[in-house]
Amino acid sequence: MFFEFTKDDQDFRREAREWLRANLPSGFAPRGGEPARKFALAWLGKLHAAGWSGISWPEAFGGRGLSLERQIIWHEEYVKAGAPSRLDPTFVSVNHAGPTVIACGTEAQKAFHLPKILAGEVLWCQGFSEPDSGSDLASLKTTGVVDGDDLIVNGQKIWTSYADIADYQELLIRTGPGSQRHQGLSWVICDMKTPGISVRPIENLAGATHFAQVFYDDVRIPLTNVVGELHDGWNVAMTTLSFERTTAAMALQLELSVKVDKLCSWAGSLEPESCCPRLLHELAVLRSEAAALRALTYQTLFRTSETPFDGSIVRLYFAELSQRIHAKAMELMGPANAEFHAFGEWVGAYLESFSETIAGGTSEVQRNIIGERILGLPRETSR
Amino acid sequence: VTIQLDVSPEQEQILASIRKVLSEKFPVSRLRGPHSVGADQARLNSLAELGAFGLGAGEEVGGAGFGITEDMLLFVELGRHLVTPNVLASAIGARLALALGRPALARQLISGEQSICISNALRPFSFDELENLPVHLIDAQDGPLALLWSDQGMAFLRCEGLQQQPVDATDRSVAIHRCSLSQACLDGYVSCSTTPLVRRTHLLLCAMLHGMVEATRDMAVEYAKLRTQFGRPIGAFQAIKHRCANMAIHAKVLRAQLVFAALAEQDEWPDAQFQNDACRMLAAPYALANARSNIQVHGGLGFTSECDAHLYLLRAHLYENLGGGKQATEQRLSSHRFID
C-alpha cells in the first residue's frame, strides 16, 4: 500500500490547472438542442487542440495514453476549475463509442471514426434501452435482418440522450434469427441521417429536452458497420459499459466534492439562526461521504483485486450521494428555490439528479448485482 | 506506478498469523453469556506475544517497526473479533510513553507486562481541570493505569486510591467502572498540537469499527444463504438481498476512507486531519447500521443473546462516544474545502 505523486506528476497538475484556468468557456452549457451541440463540440475541439481530449485513449489512436495517476490528476483539476460537466453531449462518443471501437472495431472503423470523435467533429448517442427493455436489456426486440451487404433495422429505442443532435449511434439490435436473450445481438454503428430514422424528443422532469425516442423503419445499415462479430453484440456492449464504470466516471464522482464545497459556503453565509447544529451535522456527513467517494474512486483504479462488479458499489454510492447532496441544496436555498434560476443551475441539477438512480442500471438492479455477484446470494427463481 | 492500494504480501503474512490466533483464541462466541466479562484478559498475552501492541513501534522498545497502515490492518482484525479495547490502550499507550520520554514504560506496555485500560469522560473537560471529572474505566484490570484523550490531547491516568464504582455496562461483554478523577491522577500529558497521537487513536478505533462492519456483513450474508423460508434461502428475496448489499456498500466505502486516512497519517498529507475526521464521521454510524441490519436478518434468533449479532451492536455503541469531540469534528468538516 503506497501513495505518491511524483515531482513530474505535480508539474503535470500545475500545467493542467493553468491551462484550464486560461481556457474555460464562459457561461453555462446550454441544456439541449443545437446550442448544446455547438457548445460541447467547441469545448472538445479546444481540449483537443491542446492535447487534452482522449487522455485515456492510447497514443496510437490520437489519445495521450496517460497513466491512471495522470488521468485522475487531470479530472481533479478539471472539476476544481469548474469546467463543464463531463456528462455532456460528447460523453458517449469519447467514453463509450470511441473506446469500444478501439477495443473491438475494424481498422477501417478506427481510421474513419476515432479522429473525428477526438477532434470534436461528431457527436454520438446510445441506442440500447427500448420501451419494453429497460433493466432487462437482454430482452430487446429491435431487429436487424441481413439483406445482401446490409442490415435492415426495424424497431425503436428510448432514453437516447442527444439523439436529436447526434451524428452516429451505438446501436444494439437483435440480428440472430429467432435468437433469445443475450445471444444473437449485434453492436452496430448507425448513421443518424440514414433514411427511415425518426426522432421524437422527450421532455424530462427537469423541463429539459435532451433525450428522445428513436424509431427505425426499414433502416439500411451496411454490415461493415458492425463492431465486433455479427451476433456477438452482447459482449461488445459489456465492453462499452465497462468503460462507463471506470475512468469516465472519475470526474463525475470528484465533482461531488466541489458541490459540497458550495453547500458549505452557503451555510457559512446563512444567518446564524438558519445554520443550526443539525445542518452542520448533515453537511459534515455529506462532506465525509464525498471524501469517501473520492477514496473509493482511487481504490477502484489502484487496487488489482477490483472486479467489474465492485463498480456497482461505486456507481450506486455515487448516485445516491449525488441525490442527497442536491436535495440538501434545495433545503439550503429555502424559499428562493421556487425560482428555477435563482441559484444558477442548482434547481435544474437537483431535478436531473433523479436520473442517477435509474440510468445506467437502476439502484435496485445494482443492489441485485452486489447481492448476487459480490456476496454470492442466490438469484431469484424467476430469472 | 506510484499509487498502489493493495494489501502487500508482507502485510498479508502479518495478517495471516494474527487471524490464526484470533480465530483460535478469540471466537466472538466467547463473549456470550454472563461469564464473558473480562474474558479477554487471560488471552491478551497471546496477542502481546505476537507483537500486536507494538506493530508500529520501534524495535528498541520491543516493537516490530512497521508503519501506520500495518497497525490499521491489524486493528481491523481485532475489531472483527471484538477484542477488548485494552489492546488499543496498550498500542497507543506505548506511543504516548515514548512521546513522554519513558521508553521503559513503552517496553512494558508492548510486552504486556503493564496492563492499561481506556477511560472516557462523561462530559467535555480540560486536562487542567480534572478534579471531580466523572469518567468510565473500560475493562480496568488490577493495574491502575488508564489512557484518557480528547480533542485537546492525551494523558496517562494513575487511578490508585480512587473509588471505582462498578456499573451495569450496556455492552455486557466489558466491565465498566465509574470514578471521579482528581488532578493528581494526571501522569504525563501531551497536547494535540505536538503529536498526532489522538488522530492515530481515532484511526485505530475506526479500524476496529470497520472490522465490525465487515464481520456483520459476513455474518448476515452467511445466514441469508442458509436460512430457508417459503422454500427458498431468505437471501434470494430482494428485501434481504438489498439489506445485505447496503451492508457491503458500508464496508467498501469505509474501507476506502480508512485506507486514505491511514496513508494520510503515514505520509503526513496536509489534509491528514480532514481524512481522519471524514473516516470518523462514517465509521460508527456504519457500524451501527450494519449491526442493526444483521440483527434484523437473523430474525427472532437475532433478538436473543444466544446469537452474536447483539454483541456488535453493543460494542458499536461503546465505541461511538470514545474520545468525545464530535462537535469540533463536524465544525472542521463543514469548513473544509476540497478546492484549496
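The basis for the numbers below is simple: all heavy atoms, side chains too, and nothing from hydrogens, waters or symmetry mates. Residue numbering restarts at 1 for every chain, and letters A, B, ... go by the order of the sequence lines.
When each of A/Glu76, A/Glu364, A/Arg303 is scored by its heavy-atom pairs under 4.5 Å with chain B, the top score falls to A/Arg303. Among B/Gln266, B/Arg255, B/Lys252, the residue making the largest number of heavy-atom pairs under 4.5 Å with chain A is B/Lys252. Heavy-atom pairs under 4.5 Å with chain B were tallied for A/Pro277, A/Ala290, A/Gly268, A/Ser257; the largest tally goes to A/Ser257.
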Should A/Glu289 and B/Gln257 be marked as a side chain to side chain contact (heavy atoms under 4.5 Å, CB included) after you check the CA-CA gap, both sets of side-chain angles, and the distance that decides it? CA-CA 9 Å; A/Glu289 290 173 330; B/Gln257 187 56 34; over 6 Å; no

Please step through side chain to side chain contact (heavy atoms under 4.5 Å, CB included) for the pair B/Met281 and A/Arg287, ending with a clear verdict. CA-CA 9 Å; B/Met281 199 71 201; A/Arg287 158 72 66 215; over 6 Å; no

Derivation and outcome, side chain to side chain contact (heavy atoms under 4.5 Å, CB included), residues B/Gln275 and A/Arg294: CA-CA 11 Å; B/Gln275 298 295 348; A/Arg294 177 168 173 254; 3.9 Å; yes

Can B/Leu5 and A/Tyr298 be said to form a side chain to side chain contact (heavy atoms under 4.5 Å, CB included), step by step? CA-CA 8 Å; B/Leu5 300 178; A/Tyr298 273 87; 4.1 Å; yes

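Atom CG in A/Leu375 sits 9.5 Å away from atom CE in B/Met247 (nearest 0.5 Å). Residue B/Leu333 holds its CG atom at 11.0 Å from CG of A/Leu286, rounded to the nearest 0.5 Å. The structure places CG of A/Asn368 at 3.5 Å from NE2 of B/His242, a figure rounded to the nearest 0.5 Å. Interatomic distance, CD of A/Glu282 versus CD of B/Glu330, reported as 10.0 Å (0.5 Å rounding). In this structure, NZ on A/Lys80 lies 7.5 Å from CD1 on B/Ile339, to the nearest 0.5 angstrom. Of the inter-residue distances, the one linking B/Arg232 atom CZ with A/Arg379 atom CZ reads 13.5 Å to the nearest 0.5 angstrom.
Residue contact with chain A, scored on non-hydrogen atoms closer than 4.5 Å, is absent for B/Glu222. Of the atoms belonging to B/Gln331, it is side-chain heavy atoms, and not backbone ones, that fall under 4.5 Å from chain A. The parts of B/Ile249 that come within reach of chain A are both its backbone and its side chain, each placing non-hydrogen atoms under 4.5 angstrom from that chain. Heavy atoms of B/Phe237 lying under 4.5 Å from chain A are absent altogether. Only the side chain of B/Asp267 has a heavy atom closer than 4.5 Å to any heavy atom of chain A. Using a 4.5 Å cut-off between heavy atoms, B/Ile234 makes no contact with chain A at all. Looking at A/Ser265, the atoms closer than 4.5 Å to chain B (heavy atoms on both sides) sit in the backbone and in the side chain alike. In this structure, the portion of B/Gln11 lying under 4.5 Å from any heavy atom of chain A is its side chain and not its backbone. Looking at A/Asp310, both its backbone and its side chain come within 4.5 Å of chain B, counting heavy atoms on both sides. Contact of B/Arg243 with chain A is not made at all, since no heavy-atom distance falls under 4.5 Å.
For A/Glu69 (side chain) and B/Ile3 (main-chain N/O), a donor-acceptor pair under 3.5 Å exists by modelled atom type. For B/Ser334 (side chain) and A/Cys264 (main-chain N/O), no donor-acceptor pair under 3.5 Å exists by modelled atom type.
Nearest heavy-atom pair, A/Ala291 versus B/Ala278, reported as atom, atom and distance to 0.1 Å: CB-CB, 4.0 Å.
Between A/Phe3 and B/Phe260, the two ring planes are perpendicular [angle over 60°; tilted spans 30° to 60°].
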